[in-house]
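Below you'll find the structure, written out as structure tokens, and then a few comments.
Only this structure's heavy atoms are used, side chains among them; waters, hydrogens and symmetry mates stay out. Residue numbering restarts at 1 for every chain, and letters A, B, ... go by the order of the sequence lines.
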Protein chains: 2
Amino acid sequence: MSLSLPNPFQSWFEKLASRSTLGGQEREAILRLPGHATQVQSNRDIVHLGERVDHASLVVSGLIGRFGQNSEGQRQIIAVHIGGDMADLHSVVAPDAASALQALSVTTILKVPHSALREVARRYPAIAEAFWRESVVDAAVLAEWVVNVGRRDARTRAAHLLCEMACRYEATDSDLGLSFDFPATQVHLADMMALTAVHVNRTLKALRDDGLANVRKRTVHILDWNGIVAAGEFDPTYLQIAKPANDNGSRLEARPRSLQVGST
Amino acid sequence: MSLSLPNPFQSWFEKLASRSTLGGQEREAILRLPGHATQVQSNRDIVHLGERVDHASLVVSGLIGRFGQNSEGQRQIIAVHIGGDMADLHSVVAPDAASALQALSVTTILKVPHSALREVARRYPAIAEAFWRESVVDAAVLAEWVVNVGRRDARTRAAHLLCEMACRYEATDSDLGLSFDFPATQVHLADMMALTAVHVNRTLKALRDDGLANVRKRTVHILDWNGIVAAGEFDPTYLQIAKPANDNGSRLEARPRSLQVGST
DNA sequence: GGGCGTCATTAACATTTGTTGGGCGACAAG
DNA sequence: CTTGTCGCCCAACAAATGTTAATGACGCCC
């Protein structure tokens, strides 16, 4: 299980460095960033809708959801963030929150001042570019969510979400590919997938009955990776997760349907 | 109608400058960017899925859609871009296209080399930040689309889309607030709203019958702005469109439901 | 150890949206 | 002028998902 949470900035840096070229100086600058640790209870706002923030939130452990503007009680989770994710890096350039950030479980975050982030970005252009690229990757995930919610039926949608989370958890710890703690209730899942909670229940039952995945007690067990990838029409390229150097480090066989990341 | 398309870079610069602080030098740098004009026929790809591009596409006139990865024939439009939009600025930091770009009507674009964009970003940190911010605003629009597709019924969804487009067209030309050319077919609209074309037809008829909007012949006429804003639960803040200096320049009364952009 | 709240589960029924199939008008090509 | 295509429009029926309501399991607090 490795001794989780070594230094939150460490794992964030690794994620940045897997997508952007960053040197030793940049590494030092990231690792020396200031941060204020905070623990948040389940279903409590981390950032309120419309609030102007002066810091970004790095998730240390737990689970965070970004909630879209709900009109008449209807909520929609726009994105989720797990340990190692900077949940609102974009707030550095857009401090007026257009959506709320809420803990989906007991979560500990590190509040990182915008001023410090701007400072490292100003000083190291490679970091500025890496920050921009992270925002772009977040947008790519968002785009995939539009497709998921818009054009896939409940079963496919659920399978796709589970595949995405499996890949993301595995990227933080290669042990977590097929079995990971995902502390979201069925109501939360409903808000992610744009379904009702009871239909989520029906759908998860179907996946369980088909031997694809067991989502229970806030833990996800993938029982048949190839099966659930097929059921979810899942292609991980949009996540822009670099392949681990030793490719048997991954329990998850990528199976792109139509495109391959260029390797030149 | 103003003499449309003065200099495409001019209108793009104005949009950038409305959200970011850019000075005279930055202005010059943007205006002097190189660009290769191209005309694209309706329903032709501008960027293919998986293609690696070395330029971004600035829309001069017409309409462009970004298409999500469709699995089994099902298509989903993730975003649309009108004149004055840089359709894939994000490709500068993520050149492998995760989604296709397609013209929805006869469209003319300006291909701007990534090298030139990187150059101005490297040279002017304020431009680098402005580019990042544009990507963040695009992501905010995407987030709103997730909500729209996920949590609003067909009627609300259509009204919301029309409101969004009205605001965006008006931002490019204040005459275009209540009546604008929107050359998307009902099939395109279906792909934007995650409905079938026949249900789009039903829905537009309902909006017409209710005296809210007339969408016909690829032209949109908003008949009752307050009515359609209410029907679409529309709050324009996510678009991050600055208010014009003389506030009676706008035919569109913003009517935020729950939050106001900070004005300090 | 009992009571209480949250979460998961299921059933019966209601509603929205999709599907199929057809017709009509505009327009371009022959 | 004829034919074919495309886009819009509509109706009848089918399927997916939402709604409401009830129950049981579990953990927490007093």
Query raised in the report: Could you go step by step and tell me if B:Arg155 and B:Thr203 meet the side chain to side chain donor-acceptor pair (under 3.5 Å) rule?
Result: CA-CA 6 Å; B:Arg155 178 193 168 85; B:Thr203 306; over 6 Å; no

Query - Salt-bridge contact B:Arg157-B:Asp153 (side-chain N to carboxylate O under 4.0 Å) - result: no

Query raised in the report: Salt bridge between A:Glu233 and A:Arg151, side-chain N to carboxylate O under 4.0 Å?
Result: no

Looking at [X] and [Y], would you say the former's side chain and the latter's main chain have a donor-acceptor pair under 3.5 Å?
X: B:Tyr238; Y: B:Leu142; result: no
X: B:Asp210; Y: B:Leu207; result: no
X: A:Asp88; Y: A:Ser57; result: yes

Query raised in the report: What bend angle does the helix from C:dG1-D:dC30 to C:dG30-D:dC1 show across its length, from five-pair end axes and to the nearest 10 degrees?
Result: 30°

Query raised in the report: Of the nucleotides D:dA12, D:dC9, D:dT17, which one has an atom closest to the side chain of B:Arg202?
Result: D:dA12

Separation of atom [atom1] in [X] from atom [atom2] in [N], rounded to whole Å:
X: B:His188; N: D:dG7; atom1: NE2; atom2: P; result: 7 Å
X: B:Asp191; N: D:dG7; atom1: CG; atom2: P; result: 12 Å
X: B:Asp153; N: D:dG18; atom1: CG; atom2: C1'; result: 12 Å
X: A:Arg157; N: D:dT17; atom1: CZ; atom2: C1'; result: 9 Å
X: B:Gln74; N: D:dA16; atom1: CD; atom2: C1'; result: 13 Å
X: B:His199; N: D:dA16; atom1: NE2; atom2: C1'; result: 13 Å

Report task. Would you grab the first and last nucleotide of DNA chain C (5' to 3') that comes under 4.0 Å of any non-hydrogen atom in chain B? Result -> C:dT17 to C:dT20

Just call it for [X]: base, sugar-phosphate, or nothing, with non-hydrogen atoms closer than 4.0 Å on any strand.
X: A:Ala197; answer: nothing
X: B:Leu195; answer: sugar-phosphate
X: A:Thr185; answer: sugar-phosphate
X: A:Arg155; answer: nothing
X: B:Ala194; answer: sugar-phosphate

What's the shortest heavy-atom distance between [X] and [Y], and which atoms?
X: B:Val149; Y: A:Val146; result: CG1-O, 4.3 Å
X: A:Ala184; Y: A:Leu63; result: CB-CD2, 3.9 Å
X: B:Ile77; Y: B:Trp145; result: O-CZ3, 3.3 Å

Requested in this report: For residues B:Asp191 and B:Phe67, determine if any side-chain heavy atom of one lies less than 4.5 Å from a side-chain heavy atom of the other.
Outcome: yes

Report task. For B:Asn43 and for B:Lys205, find the nucleotide of DNA chain D with the closest heavy atom, then tell me which residue's nucleotide is more 5'. Result -> B:Asn43

Report task. Only one of A:Leu178, A:Leu212, A:Asn214 passes side chain to side chain contact (heavy atoms under 4.5 Å, CB included) with A:Leu223; say which it is. Result -> A:Asn214

What N/O pairs connect the protein and nucleotides 20-29 of chain D at under 3.5 Å? Give each pair on its own line.
none

Requested in this report: List the steps, then state whether side chain to side chain donor-acceptor pair (under 3.5 Å) holds for B:Asn43 with B:His188.
Outcome: CA-CA 10 Å; B:Asn43 293 314; B:His188 291 144; 3.0 Å; yes

Requested in this report: State whether B:Asn201 places a side-chain N or O below 4.0 Å from either non-bridging phosphate oxygen (OP1 or OP2) of D:dC9.
Outcome: yes

